[in-house]
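Contents: one structure, followed by commentary.
Fair warning: this is a prediction, and the values are worked out from it, not measured in the lab.
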Amino acid sequence: MASLLNSVPSIKLVSNFNNPLRSSLISSSPLSLSLSRIRLVVRATETEKEAKAQVPDKASAVGGSSINQILGIKGAKQETDKWKIRVQLTKPVTWPPLIWGVVCGAAASGNFHWTPEDVAKSIVCMLMSGPFLTGYTQTINDWYDREIDAINEPYRPIPSGAISAQEVITQIWVLLLGGLGLAGFLDVWAGHDFPVVFYLALGGSLLSYIYSAPPLKLKQNGWIGNFALGASYISLPWWAGQALFGTLTPDIIVLTLLYSIAGLGIAIVNDFKSIEGDRAMGLQSLPVAFGSEAAKWICVGAIDITQISVAGYLLGAGKPYYAFALLGLIAPQVFFQFKYFLKDPVKYDVKYQASAQPFLILGLLVTALASSSH
């Protein structure tokens, strides 16, 4: 940097000496030379900052992990294989909560039996909820987030140009129609007079669209968008699993929607890494609207208070063993919140979710089993 600053002015001076008029002006105006050097220093400093700002993105793209790539999480290796890129867009790391939701719904129905037919039905329902409809949701979200990702994660498949627009749109339609087709097939298989699973899948797909796409774009509002996301991850797969093997009841609908507030908290965890892009694009995520410090506590409060409320509901319903089991599963979540998330929600988001979320989804199963017991 020092050599650059010293050499550029000297080159200018040599070229100026070939012009007597300009030479005299420079010699008679030392201020202009000083200002020139100041401008040069400022511009060089800005260039250096820009170069440093680009380093993390390049590092993430080139030195990333193949496992992270196939799971669809940050720190992914840049791929050229189109099928791997297609899988990355569906973010398989987000499938397990939906698959688990189907398990909880089947358990809550009280009518699931370990027969080959019931197991096969549940697997098809998991494929519908996870790879197909969650894959559709994630792909369409990445498509409408391509401008934000160009700021936050420019090495992702769509903003980097690793996959074409037409290929992305084709994938969206294939996953959507495949998921709806499986839903209709499940209704026929279960002998439903009313295609309840199909309409749940259709409603969830519509919710996914208005969550990501303008003009509604629910994700622009931190409260509405995150609750919609939480309901999609907790309530909808539970309802699908329960409707497939039994009957949806009003108390289960209310209970799962209450649990979706915890899903809202989980959704907020993912907003911290996108603050810069969300602010630039005018999205009012909770970390943007309230600041990182306040948003951290809103997040953990939504997760913990919801589960404590559900435990209280189970206790009041005369199911103390289930209530105390749920409270026991909340304790380690609080521990990991203080150990990781509240310290640095960006740095430790993956560690926190990997450590705490297994206890939350076990709590969902406890609640489902409590709902099925009489």
| task | State which residues pass side chain to side chain contact (heavy atoms under 4.5 Å, CB included) with Ala190; sequence neighbours excluded, sorted by chain then number. | result | His192, Leu244
| message | I'd like to know if the side chain of Gln138 and the backbone of Gly135 have a donor-acceptor N/O pair within less than 3.5 Å. | response | no
| note | Sorted by chain and residue number, the side chain to side chain contact (heavy atoms under 4.5 Å, CB included) partners of Thr90 (sequence neighbours excluded) come out as Val87, Pro92, Trp95, Thr139, Gln171, Leu175
| request: Only counting residues at least two apart or in another chain, list the ones meeting side chain to side chain contact (heavy atoms under 4.5 Å, CB included) with Pro97. | output: Tyr233
| All ring pair (Phe, Tyr, Trp, His ring centres under 6.0 Å) counterparts of Phe336, not counting sequence neighbours | none
| Pairs meeting criterion side-chain hydrogen bond (donor to acceptor under 3.5 Å, both in side chains) with involvement of residues 198-211, two or more places apart | Thr137-Ser208
| field | Contact list for residues 106-131, test side-chain hydrogen bond (donor to acceptor under 3.5 Å, both in side chains), sequence neighbours left out | value | Glu117-Trp189
| field | Pairwise side-chain hydrogen bond (donor to acceptor under 3.5 Å, both in side chains) hits with a residue in residues 354-363, at least two apart | value | Gln353-Gln357
| remark: Taken in chain and number order and not counting sequence neighbours, the residues that satisfy side chain to side chain contact (heavy atoms under 4.5 Å, CB included) with Ala183 are Met128, Val197, Phe198, Ala201
| remark: Here the salt bridge (Lys or Arg N to Asp or Glu O under 4.0 Å) pairs for residues 215-228, sequence neighbours left out, are Asp145-Lys219
| salt bridge (charged side-chain N to carboxylate O under 4.0 Å, His left out) partners of Lys91, counting only residues at least two apart | Asp142
| message | Tell me which pairs pass salt bridge (Lys or Arg N to Asp or Glu O under 4.0 Å) where either residue lies in residues 267-277, with sequence neighbours left out. | response | none
| message | Show every ring-ring contact (aromatic ring centres under 6.0 Å, His included) that has at least one partner inside residues 339-362, sequence neighbours left out. | response | Phe272-Phe341, Tyr340-Tyr348, Phe341-Tyr352
